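Here is the structure we will look at, set down as structure tokens.
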Amino acid sequence: MTPDRSTHERLLCHVSLPPAWLCEMEGGKDVRVESAPYSCSTCDGGEVPARNLTRRNRKVRSLSTSSASTSFEYRRTQSLHGPSPVTTFGPKACMLQNPHAVMHIQDPASQRLTWNKPPKSVLVIKKIRDASLLQPFKELCRFLTEVKSMIVYVEKKVLEDPAISGDENFAAVTKKFCTFREDLDDISNRVDFIICLGGDGTLLYASSLFQESVPPVMSFHLGSLGFLTPFKFENYQSQVNQIIEGNAAIVLRSRLKVRVLKENWEKKSRVDEKGIILTNGDIESSRKAMQYQVLNEVVVDRGPSSYLSNVDLFLDGHLITTVQGDGVIVSTPTGSTAYAVAAGASMIHPNVPAIMITPICPHSLSFRPIVVPAGVELKIMLSCDARNTAWVSFDGRKRQEICHGDSITITTSCFPVPSICFRDPVNDWFESLAQCLHWNVRKKQNYLSSEDEEF
């Protein structure tokens, strides 16, 4: 079924424009969509200019040059399917378009990685101070720098490990590295793809480094669980060569865009004529906004308090319920197999556009986990009659207290994490369910013979 012209125009209007261009399909041909002002007569009939966002200033310490990047603000649509994900990943990678796709929804098994230009730089992430990863890390870096002649980016604190900095045989390789520091250096437009060495936490950490477009991520299983790390390190050379050649399947793991708005109540002191500070001054409030990109889940819990948490949950501006219990988990399909599944939620394939809401030990027998469309906007606030504050964390990090007047707004992000598959998104997911979570593993029932049937 081919969408009519009006439907096609509406779909193009809802496509998120990346800094360079998106590759759309029209009549089976590639069409470049420039990031210029665009209009849609079907939706609102007016021209909508692409607006620049002000990026937070960062101190560049280890990088020799700085690159100015422009980001764009994406309009929220009324579609329950959520915003169309950006399909350009980093400066050179994009998703190979499928001419048989209907309404821009591709078969998960057909999502393939391609390169606009040959990749020249790679970010290598390893678990800090893990002795078991030292040898794989050194082998991989030698291969990338000496054999593939690639620019390797490594976090500065990784090279501060005495086992690496004190290795004289590895010193010649480390001199070729480009280093960076988290929250200080912006490498979003410098890295073509990412290689993670470790467990699932390394992929979560890689996601946190990129608040907008994320380069393709290749994850090697060198940790404990490895649900999100499908590659074995034994054949790393041939596997990395396949990725550089663009011969790989990818799964777009959706992320949550989380905005935390905090009310800062400050007491303004007054000073009398003698210079004595009076304590009964006026109270002033100011708002502080913070934004995060979350791959697994947002967890709101009761923190150190012994009381139940009491938070209100809004969906598209309407109060849907009040959570009374230990807390609530708002997760992506990727996060449904993490904390959420331990709290009794279902497991959702990463290609399903959805947001999962899971209560943590609710004080109600009827409060079950629910799945809502990816296009909704969730808002969590402390109830006015709550006995205590709440605490929130994002993929297990950036933990902070939530007080009265604070709010947490959650929507589906336009910037997914393009995770490179070992086979394809479907087979890799079921392989992880079987190998890591032992899904539906039990002793088989004995065969019933004809003699047993007589009894």
Side-chain angles (χ1 to χ4, degrees), residues 89 93 109 111-113 115 118-155 158-159 161 163-164 167 169-170 172-174 176-177 191-207 215-251 253 334 337 350 417-439 441:
F89 317 118
Q111 294 178 351
R112 308 291 299 182
L113 172 68
W115 300 100
K120 296 295 183 183
S121 60
V122 57
L123 168 62
V124 179
I125 297 178
K126 69 173 288 291
K127 192 174 180 180
I128 303 296
R129 298 188 183 278
D130 189 337
S132 63
L133 298 180
L134 289 175
Q135 190 61 31
F137 172 76
K138 293 177 181 179
E139 287 184 20
L140 176 65
C141 291
R142 280 198 178 96
F143 173 73
L144 293 172
T145 56
E146 298 174 359
V147 179
K148 308 305 295 184
S149 300
M150 301 197 72
I151 301 173
V152 177
Y153 284 82
V154 178
E155 194 169 7
V158 171
L159 300 184
D161 188 339
I164 296 178
D167 189 351
N169 296 327
F170 194 62
V173 179
T174 58
K176 301 177 183 179
F177 289 161
V191 175
D192 294 333
F193 71 102
I194 305 170
I195 296 180
C196 294
L197 303 177
D200 296 341
T202 57
L203 179 59
L204 297 177
Y205 179 69
S207 170
V217 184
M218 182 182 191
S219 300
F220 285 97
H221 178 28
L222 293 169
S224 53
L225 184 61
F227 192 91
L228 306 177
T229 55
F231 289 93
K232 299 294 190 295
F233 191 76
E234 288 77 11
N235 302 319
Y236 74 93
Q237 294 188 8
S238 60
Q239 293 169 345
V240 171
N241 283 329
Q242 288 183 358
I243 304 306
I244 295 176
E245 294 169 0
N247 182 22
I250 58 172
V251 55
R253 298 187 180 275
T334 296
T337 53
V417 174
S419 181
I420 300 174
C421 304
F422 179 69
R423 292 187 181 88
D424 60 71
V426 175
N427 284 308
D428 281 12
W429 192 67
F430 279 102
E431 183 73 15
S432 295
L433 289 182
Q435 297 297 325
C436 301
L437 299 183
H438 303 291
W439 178 61
V441 174

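Along the sequence shown, the residues carry numbers beginning at 1. Only a predicted model underlies this, so the values are computations on that prediction, with no experimental measurement involved.
- Using a 4.5 Å heavy-atom cutoff, the side chains of N169 and K138 are not in contact.
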- Task: Walk me through it: do L144 and I195 pass the test side-chain contact (heavy atoms from CB on, under 4.5 Å)?
- Result: CA-CA 11 Å; L144 293 172; I195 296 180; 4.2 Å; yes
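- R253 is listed as a side-chain neighbour of L228, based on a closest heavy-atom distance under 4.5 Å.
- Using a 4.5 Å heavy-atom cutoff, the side chains of V158 and V124 are not in contact.
- Between P136 and L222, the shortest heavy-atom contact is CB-CD1, 4.0 Å.
- The CG atom of N241 lies 11.5 Å from the CG atom of N235; values are rounded to the nearest 0.5 Å.
- The shortest heavy-atom contact between P350 and V251 is CB-CG2, 3.9 Å.
- Atom CZ of F89 sits about 7.5 Å away from atom CG of L113, to the nearest 0.5 Å.
- A 4.5 Å side-chain heavy-atom check between P215 and D192 finds every atom pair outside the cut-off.
- Note on ring orientation: taking the six-membered ring where Trp is involved, the planes of Y236 and F143 are perpendicular (angle over 60°, cut-offs 30° and 60°).
- For the pair I164/F137, a side-chain contact is recorded, criterion being any heavy-atom separation below 4.5 Å from C-beta on.
- Atom CG of residue D200 and atom NE2 of residue H221 lie 8.5 Å apart, to the nearest 0.5 angstrom.
- When all heavy atoms of G198 and T202 are compared, the pair lying nearest together is CA-CG2, 3.9 Å.
- Between D167 and A163, the shortest heavy-atom distance links the atoms CB-O, 3.7 Å.
- More than 12 heavy-atom neighbours from other residues, nucleotides or ligands sit within 6.0 angstrom of CZ on R142.
- Judged purely by atom type and a 3.5 angstrom limit, N247 has no side-chain atom pairing as donor or acceptor with the backbone of Q242.
- One distance of note links OH of Y205 with NZ of K126; it measures 12.0 Å at 0.5 Å rounding.
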- Under the side-chain contact (heavy atoms from CB on, under 4.5 Å) rule, what do L134 and D161 come out as? Steps first, then yes or no, please. CA-CA 10 Å; L134 289 175; D161 188 339; 4.1 Å; yes
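- V173 is not listed as a side-chain neighbour of V152, based on a closest heavy-atom distance of 4.5 Å or more.
- The OG1 atom of T145 lies 9.0 Å from the CG atom of L140; values are rounded to the nearest 0.5 Å.
- Smallest separation of non-hydrogen atoms from A249 and R112: CB-NH1, 3.6 Å.
- Across all their heavy atoms, A206 and I125 have their closest contact at CB-CD1, 3.5 Å.
- T334 has its side chain out of reach of V417: every pair of non-hydrogen atoms, C-beta onward, lies at least 4.5 Å apart.
- Two residues are said to be in side-chain contact when any heavy atoms from C-beta on lie closer than 4.5 Å; I244 and F193 meet this criterion.
- At distances below 3.5 Å, not a single donor-acceptor pair connects side-chain atoms of W439 with backbone N or O atoms of S432.
- If you take CZ on F227 and CD on E431, they are separated by 10.5 Å, rounding to the nearest 0.5 Å.
- Ring-plane geometry between F231 and F220 is classed as tilted, the angle between the planes lying from 30 to 60 degrees on a 0 to 90 degree scale.
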